[in-house]
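Dropping the structure in here first, questions after.
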2 protein chains.
Amino acid sequence: MPVERVRRRIPEATVARLPVYLRILVEQATEEVECISSEGLAELAGVNAAKVRKDLSYLGSYGTRGVGYEVAFLVYQIRRELGLTHDWPVVIVGAGNLGQALAGYNGFGERGFPVAGIVDIEPGKVGSVIGGVRVRHIDDLQQIVQSRRVSIGVVATPPSAAQDAADRLVRAGVTSILNFAPVVLAVPRGISVRKVDLAVELQILSYYEQRRVGVGLQAVGSNDSTRGASA
Amino acid sequence: MPVERVRRRIPEATVARLPVYLRILVEQATEEVECISSEGLAELAGVNAAKVRKDLSYLGSYGTRGVGYEVAFLVYQIRRELGLTHDWPVVIVGAGNLGQALAGYNGFGERGFPVAGIVDIEPGKVGSVIGGVRVRHIDDLQQIVQSRRVSIGVVATPPSAAQDAADRLVRAGVTSILNFAPVVLAVPRGISVRKVDLAVELQILSYYEQRRVGVGLQAVGSNDSTRGASA
DNA sequence: CGCGCTTTGTGAACACGTGCACAACTGCAT
DNA sequence: ATGCAGTTGTGCACGTGTTCACAAAGCGCG
Ligand SMILES: NC(=O)c1ccc[n+]([C@@H]2O[C@H](COP(=O)([O-])OP(=O)(O)OC[C@H]3O[C@@H](n4cnc5c(N)ncnc54)[C@H](O)[C@@H]3O)[C@@H](O)[C@H]2O)c1
Ligand SMILES: NC(=O)c1ccc[n+]([C@@H]2O[C@H](COP(=O)([O-])OP(=O)(O)OC[C@H]3O[C@@H](n4cnc5c(N)ncnc54)[C@H](O)[C@@H]3O)[C@@H](O)[C@H]2O)c1
């Protein structure tokens with residue numbers, strides 16, 4: 001067996017699917033499943049089996065021919081590759097409708113993304129407690145980021161304030177941003193940004209919905225998730 | 001000028017970008033901008049100018065060489081292509097944390113996706129009013145969908161109930177689903193599904209974050225949004 | 001009217017992602 | 001040992017998406 005070579009670059013499309021495999025594998029593990037074939041995993045993930053094999057092959061040759069993949073080992077490998085061997089605390093900017101829903105959601109902490117803090121600019125919002133976290137003033141952002149070693153920030157402000165929020169996050173030392181505001185953020189090189197725009201999702205559905213009329217059923221590529229993290 | 005030919009199929013990647021252009025163009029229109037070049041639009045959308053031109057060319061040749069595109073006209077054409085000439089009422093299943101945030105959000109209605117109803121299985125949740133909409137029991141789903149001619153459903157239930165929610169939506173007559181639960185939904189052919197999985201987004205950020213260490217700055221493709229609506 | 005400046009629309013090359021097909025390999029049964 | 005059924009890992013061909021580069025075309029000005 002060769003010495004651990006330099007880390008291979010993993011295609012973006014694969015990176016986007018690994019979390020899905022991971023979730024499924026963790027679930028399988030809790031159901032005492034010890035071994036899974038690419039076909040089985042593909043079925044559960046709603047993708048092609050060859051794609052699963054190719055994706056997993058970027059991690060290394062961790063399968064056993066004729067048998068499949070050991071679930072626990074795969075979980076470990078994917079976690080390692082995704083950098084999920086330790087927690088990534090996140091800070092949320094904007095304690096409105098959405099920010100509160102996010103802060104009150106346990107799913108993130110469970111998956112390794114505890115809410116290190118939530119901040120707002122509105123003095124009226126400061127002080128209330130959501131999901132066990134007290135809302136603090138945005139001026140405390142830098143302090144939170146640095147003391148808790150936060151590298152991921154979430155923008156949940158109104159669109160007009162989103163760029164300001166992003167600027168503050170970057171200034172505070174955050175290097176990855178998840179943006180819920182429907183605006184294109186400008187960030188310095190080296191900062192990763194991902195955008196979740198629900199209106200865009202609905203509009204895409206609308207497009208296919210509208211085409212459906214009169215065209216009958218049509219198949220439009222399966223549900224994947226290829227989106228760049230810009231830098 | 002030729003007679004309006006059969007509708008061209010628009011590449012999925014383009015469909016995913018059109019809503020972004022649309023938002024920017026609408027904003028420009030409110031700022032009295034009448035004309036915009038592909039370069040200007042590209043700048044605002046954070047993409048390559050050639051891409052903008054190619055994307056827009058799928059709608060037809062609506063630009064003027066040497067000048068650019070007429071904003072109002074482009075808005076109209078993109079709206080038409082995306083099927084946004086009329087409202088698409090949506091129904092939300094699951095009035096929890098997230099469902100309430102969604103229902104209380106005005107942005108959807110403003111963009112042509114009014115909340116026609118929100119339902120829950122928990123009797124305790126039924127009756128409360130969120131964003132002007134009363135929560136109803138899930139047994140009323142079919143009635144809501146049919147009376148309001150809803151074709152888009154939103155799944156905001158816990159993961160364990162998501163497949164059930166999807167099944168009910170499909171049975172009620174919905175043909176497009178936006179799924180917030182971290183599960184892969186099985187739906188009949190012809191039903192479009194799009195998934196928004198925040199944990200996956202964070203994990204993707206984690207991957208690049210982890211790679212950043214020791215590698216220095218690296219550029220990883222710009223922020224696009226290519227995801228199939230399955231059928 | 002013609003010229004030069006600007007910007008579109010698109011052909012062509014390239015990059016990336018997908019899926020088939022199959023050789024290589026494993027483990028088990030005989 | 002040998003054979004066989006099962007499954008991985010991957011070469012290859014194909015399709016999709018991105019970007020460059022440039023001819024074609026509109027506009028304004030002299
Ligand atoms: N609520 C939803 O379901 C939903 C859905 C899709 C998209 N979004 C988007 O998410 C964002 C937040 O939505 P929301 O419904 O929570 O809005 P909201 O108005 O309820 O909350 C925004 C919060 O941000 C705070 N804020 C404003 N400027 C700030 C600044 N400069 N720094 C820090 N905080 C600031 C406000 O005080 C407010 O508490 C918006 O951009 C919206 O378009 C929300
Ligand atoms: N809250 C967030 O910020 C957040 C973030 C990411 C993902 N999600 C996902 O969104 C989903 C909803 O999250 P949440 O925080 O709102 O959960 P929640 O528990 O607050 O709300 C879920 C609601 O669904 C209802 N429900 C349960 N089974 C149902 C059924 N069969 N039919 C109809 N309604 C049913 C429950 O009564 C409850 O009101 C979950 O799958 C979660 O993983 C939420």
Side-chain angles (χ1 to χ4, degrees), chain A residues 1-2 8-18 20-21 33-71 73-74 77 204 219-230, chain B residues 1-2 8-18 20-21 33-71 73-74 77 204 219-230:
Chain A
M1 192 189 298
R8 308 143 294 279
R9 194 190 128 274
I10 296 187
E12 215 166 302
T14 295
V15 172
R17 281 188 297 265
L18 288 177
V20 177
Y21 301 152
V33 176
E34 285 178 8
C35 188
I36 193 167
S37 68
S38 60
E39 186 126 14
L41 183 49
E43 171 79 28
L44 294 170
V47 302
N48 181 291
K51 205 185 279 183
V52 169
R53 289 199 295 275
K54 193 153 280 185
D55 285 342
L56 296 181
S57 77
Y58 292 113
L59 307 181
S61 285
Y62 295 139
T64 309
R65 289 164 192 233
V67 179
Y69 301 85
E70 204 203 318
V71 172
F73 188 60
L74 255 198
Q77 290 299 338
I204 295 172
V220 264
S222 216
N223 206 294
D224 54 67
S225 179
T226 309
R227 298 165 67 192
S230 90
Chain B
M1 191 189 298
R8 306 143 294 278
R9 192 188 130 277
I10 297 186
E12 215 167 300
T14 296
V15 172
R17 281 187 297 266
L18 288 177
V20 177
Y21 301 152
V33 177
E34 286 179 9
C35 188
I36 193 166
S37 68
S38 61
E39 187 127 13
L41 183 50
E43 172 79 28
L44 294 170
V47 301
N48 182 293
K51 205 186 276 186
V52 169
R53 290 200 294 278
K54 191 148 279 189
D55 285 342
L56 296 181
S57 78
Y58 292 114
L59 308 180
S61 285
Y62 296 138
T64 307
R65 289 164 192 233
V67 178
Y69 301 85
E70 203 202 317
V71 173
F73 189 60
L74 255 198
Q77 289 299 338
I204 295 172
V220 264
S222 217
N223 207 294
D224 54 65
S225 178
T226 309
R227 300 165 68 193
S230 89

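Chain A is the first sequence line, chain B the second, and so forth, proteins listed ahead of strands; every chain is numbered from 1.
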Distance from A/Asn48 atom CG to A/Lys54 atom NZ, nearest 0.5 Å?
10.5 Å
Worked verdict on A/Asp55 versus A/Val47 for side chain to side chain contact (heavy atoms under 4.5 Å, CB included)
CA-CA 11 Å; A/Asp55 285 342; A/Val47 302; over 6 Å; no
Tell me the interatomic distance from A/Leu59, atom CG, to D/dT10, atom P, rounded to whole angstroms.
12 Å
How do B/Ser38 and A/Tyr58 order along DNA chain C: which one's closest nucleotide is nearer the 5' end?
B/Ser38
Measure the spacing between CG of B/Leu44 and CD of B/Glu39 and express it to the nearest 0.5 Å.
11.0 Å
Distance from B/Tyr21 atom OH to B/Leu56 atom CG, nearest 0.5 Å?
6.5 Å
Check: B/Lys54 side chain, D/dT19 base, donor-acceptor under 3.5 Å
yes
In Å, rounded to the nearest 0.5 Å, how long is the span from CG of B/Leu74 to CD1 of B/Ile36?
8.5 Å
Could you state the CD1-C1' distance from B/Ile10 to D/dG17, rounded to the nearest angstrom?
15 Å
Please state how far atom CG in A/Leu56 lies from atom P in D/dT8, giving the value in whole angstrom units.
9 Å
To the nearest angstrom, the CD-P distance between A/Glu12 and C/dG17 comes to 7 Å
Rounding to a whole Å, what distance do you find between A/Glu70:CD and D/dT7:P?
16 Å
Please state how far atom CD in B/Glu43 lies from atom P in C/dT7, giving the value in whole angstrom units.
14 Å
Using a 4.0 Å heavy-atom cut-off to protein, can you give one letter per nucleotide of nucleotides 21-30 of chain C, 5' to 3': B if the base is in contact, S if only the sugar-phosphate is, - if neither?
B--BBSS---
Spacing between A/Lys51 atom NZ and D/dT10 atom C1', to the nearest angstrom
17 Å
Separation between CG (A/Leu41) and OH (A/Tyr69), nearest 0.5 Å, reads 8.5 Å
What integer distance in Å separates B/Asn48:CG from C/dT10:C1'?
14 Å
State whether B/Tyr69 places a side-chain N or O below 4.0 Å from either non-bridging phosphate oxygen (OP1 or OP2) of C/dG9.
yes
Which distance, rounded to the nearest 0.5 Å, do you find between the OG1 of B/Thr64 and the CD of B/Glu70?
8.0 Å
